[in-house]
Protein chains: 2
Amino acid sequence: MEQVTIKDIARILNISASTVSRALKGSPEISKATIELVKETAKRLNYQPNKAALSLLHIKTRTIGVVVPNLGYSFFSLALQGIEEEASQRGYTVIASQSLESEEKEIRNIIDMKRIGVDGILISLAQYSSQLNHLMDIQSQMPVVLFDRVSDTIRSSKIYVNNLTGAFSAVEHLIKIGCRRIAYMGGPKGLLISNRRRDGYTMALFRHNRKIDESLIVHSEFDHNYAVKTALKLLKRKDRPDGIFAVSDRVAIGAIAAAKKLQLRIPQDVAIIGFNDEPIASLISPSLTSVKQPAFDMGKMAAQLLIDEIEYVGKYQHVSKSYPTKLMIRESTKKTSIKN
Amino acid sequence: MEQVTIKDIARILNISASTVSRALKGSPEISKATIELVKETAKRLNYQPNKAALSLLHIKTRTIGVVVPNLGYSFFSLALQGIEEEASQRGYTVIASQSLESEEKEIRNIIDMKRIGVDGILISLAQYSSQLNHLMDIQSQMPVVLFDRVSDTIRSSKIYVNNLTGAFSAVEHLIKIGCRRIAYMGGPKGLLISNRRRDGYTMALFRHNRKIDESLIVHSEFDHNYAVKTALKLLKRKDRPDGIFAVSDRVAIGAIAAAKKLQLRIPQDVAIIGFNDEPIASLISPSLTSVKQPAFDMGKMAAQLLIDEIEYVGKYQHVSKSYPTKLMIRESTKKTSIKN
DNA sequence: AAATTTAGCGCAAACGTTTGCGCTCAGTTA
DNA sequence: TAACTGAGCGCAAACGTTTGCGCTAAATTT
């Protein structure tokens with residue numbers, strides 16, 4: 001029931017607590033015999049060092065905190081697995097929390113992590129995180145690494161996906177399969193990744209000498225019904241698009257539902273591409289072409305950078321690393337007339 | 001950079017640390033004026049109590065640990081949100097971790113939580129957790145509540161869904177819409193929830209005077225391709241089933257894919273029901289009828305029980321609570337001839 | 001005015017661990 | 001034999017906080 005302490009071991013063996021402490025670490029100052037004895041007794045009593053006491057001494061807890069918008073999104077769930085792999089290999093414990101896209105909860109989570117005593121924090125920002133004071137604040141106390149949902153105003157190591165080229169290749173793919181009017185269904189205005197992907201969209205059209213039709217750039221929420229409604233509006237127009245690049249798979253799936261409702265054939269009448277390559281993308285019908293992000297690798301690398309920074313002595317040099325995306329081509333863009 | 005401590009405040013105000021401590025709690029022993037002054041200064045300096053120090057004094061950390069198989073499963077993700085709501089309302093912090101179905105990782109997670117200093121643990125067991133010594137062990141040190149993936153050999157409060165009646169109602173629904181040969185696609189052999197659902201399946205057939213055809217009870221893995229293969233085998237038989245009840249939505253979606261491949265119409269040729277009501281269920285086409293579990297409520301209640309037990313003085317009486325499921329009827333079982 | 005109360009605060013110990021320093025005693029050297 | 005060395009261990013302080021007890025001075029009672 002009660003914790004076994006170093007003092008207990010000391011009392012039993014009739015030696016001092018300091019000797020026990022040193023013996024457990026195999027200090028050369030202690031005789032082999034004592035070391036043996038202490039270690040044996042410790043194991044027998046199932047001694048576990050008290051992390052609170054260690055923490056009081058400013059000793060690292062070998063724990064890192066992770067804050068993401070939603071652990072249910074497969075991207076974050078996968079990234080977390082990457083983080084855990086790296087952390088585990090280097091002897092660190094990971095604790096995760098989700099902000100559910102709320103800045104307030106994000107702040108609370110960070111404070112909690114700090115009080116629990118993590119050595120550093122890995123964070124992907126909530127959708128509407130604007131005041132980044134809490135981040136600056138925590139940064140003065142421990143290393144922080146941003147990933148995926150990063151921010152330009154924060155100086156730290158960053159891991160993110162190359163949204164621009166990812167979007168570019170998606171739109172280019174639509175062009176190659178013969179789409180002539182391509183729409184972009186973005187996320188909420190102001191969301192960084194959404195804007196970056198819009199830039200990629202614009203750039204692809206520009207590079208292929210298409211002119212930009214602003215009316216084909218629309219904003220949606222991530223909510224399914226909202227996405228369906230937005231897509232319906234788009235597809236009901238007389239000059240409806242024959243290709244849609246959506247900011248996320250959820251939105252793309254909304255577009256698919258809208259197209260079906262209007263009896264449009266996918267991809268013959270309208271081709272659709274999503275982003276994230278959620279597992280659902282390959283399961284729905286038609287299966288959804290999507291831009292895949294190396295979530296696991298990104299998580300692993302983010303954890304690597306964070307732990308490096310934690311363990312680094314002296315001035316650490318921040319690192320920014322962007323990852324390439326991969327276009328997963330599926331039925332929603334496979335026009336049979338095109339051999340691809 | 002450095003933590004602001006009570007001593008800092010004491011030094012600045014030229015009073016003792018004990019006075020600061022008491023003032024912060026609004027103790028009646030301290031004058032109003034001093035209390036004001038201290039609280040003001042604390043706020044100004046952004047004082048945060050050091051959790052490690054509190055922890056050393058055997059004071060509760062107001063933190064609870066959650067261990068689930070996979071945070072990416074929508075059930076656990078939702079349950080976590082319920083847990084967080086309850087915890088937040090009662091002033092608790094939640095830290096989550098996933099076992100990824102590995103007993104070893106589950107044990108590691110529990111040890112980590114203990115050392116971080118949680119007041120109690122909420123756990124849903126990994127798929128193949130067999131040796132439950134680690135659970136008994138931790139139970140001697142702090143309250144533990146099991147949820148969803150519970151175990152009979154552990155004595156603790158438990159929250160779970162009524163798998164048997166959930167399966168029963170699903171199969172009964174298939175019978176009502178006119179299915180004559182109903183198959184059960186289970187999960188890996190030995191998985192408790194899978195077996196419970198099989199019992200519900202059997203019971204429904206029995207109750208409606210159908211005889212049990214053992215060859216219609218098959219086992220699958222949760223992996224999509226595996227599920228498709230298993231379903232194909234089932235549906236290619238000359239006496240193929242006209243109804244399938246699957247242990248999970250993932251497996252059910254595999255069955256849908258298989259049916260489509262064989263050009264079978266859903267639900268006319270074969271009706272399909274899944275379990276869990278993942279978000280994907282309503283998004284695919286045909287949308288999938290599924291047994292919904294009240295994940296959020298279950299999480300909330302589990303947290304409630306755990307916190308009750310943490311805060312209870314004296315002997316706590318364990319509580320077991322099972323939740324009813326709800327059948328979400330969608331296209332995959334909507335035969336047009338049946339008005340339901 | 002003397003005695004008693006009480007409001008308001010400080011002292012010090014305790015929680016579990018680490019670590020610099022000092023101590024003891026055996027063995028070695030001169 | 002006396003002085004020295006070093007192996008092996010203990011003492012005590014420190015980390016931040018709480019809390020029982022004690023202290024001082026002012027306010028109240030006789």
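Chain letters run A, B, ... following the sequence lines, proteins first, then strands; residues in each count from 1.
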| note | A correct 5'-to-3' footprint of nucleotides 4-13 of chain C, with B, S and - meaning base, sugar-phosphate only and no protein heavy atom under 4.0 Å, is ----BBBBB-
List in chain and number order the residues that pass side-chain contact (heavy atoms from CB on, under 4.5 Å) with [X], two or more places apart in sequence or in another chain; answer none if no residue qualifies.
{"X": "A/P69", "result": "A/F76, A/S99, A/E101, A/S124, A/R149"}
{"X": "B/I35", "result": "B/A23, B/I30, B/K39"}
{"X": "B/S74", "result": "B/E278, B/P279"}
{"X": "B/T5", "result": "B/K7, B/D8"}

Could you work out, with side-chain hydrogen bond (donor to acceptor under 3.5 Å, both in side chains) as the rule, every residue matching [X], not counting sequence neighbours?
{"X": "A/S156", "value": "none"}
{"X": "B/S18", "value": "B/S16"}
{"X": "A/R155", "value": "none"}

| task | Identify whether any heavy atom of B/K7 sits under 4.0 Å from a base atom; if not, whether one sits that close to sugar-phosphate; answer base, sugar-phosphate or nothing. | result | base
Whole-Å gap separating [atom2] ([N]) and [atom1] ([X]):
{"X": "A/Y47", "N": "C/dT17", "atom1": "OH", "atom2": "P", "result": "4 Å"}
{"X": "A/L13", "N": "D/dC9", "atom1": "CG", "atom2": "P", "result": "11 Å"}
{"X": "B/L24", "N": "D/dG16", "atom1": "CG", "atom2": "P", "result": "15 Å"}

| query | Per the end-axis method with five pairs at each terminus, what is the bend angle of the helix from C/dA1-D/dT30 to C/dA30-D/dT1, to 10°? | reply | 60°
| query | Got a donor-acceptor contact below 3.5 angstrom from the A/D119 side chain to the A/R62 backbone? | reply | yes
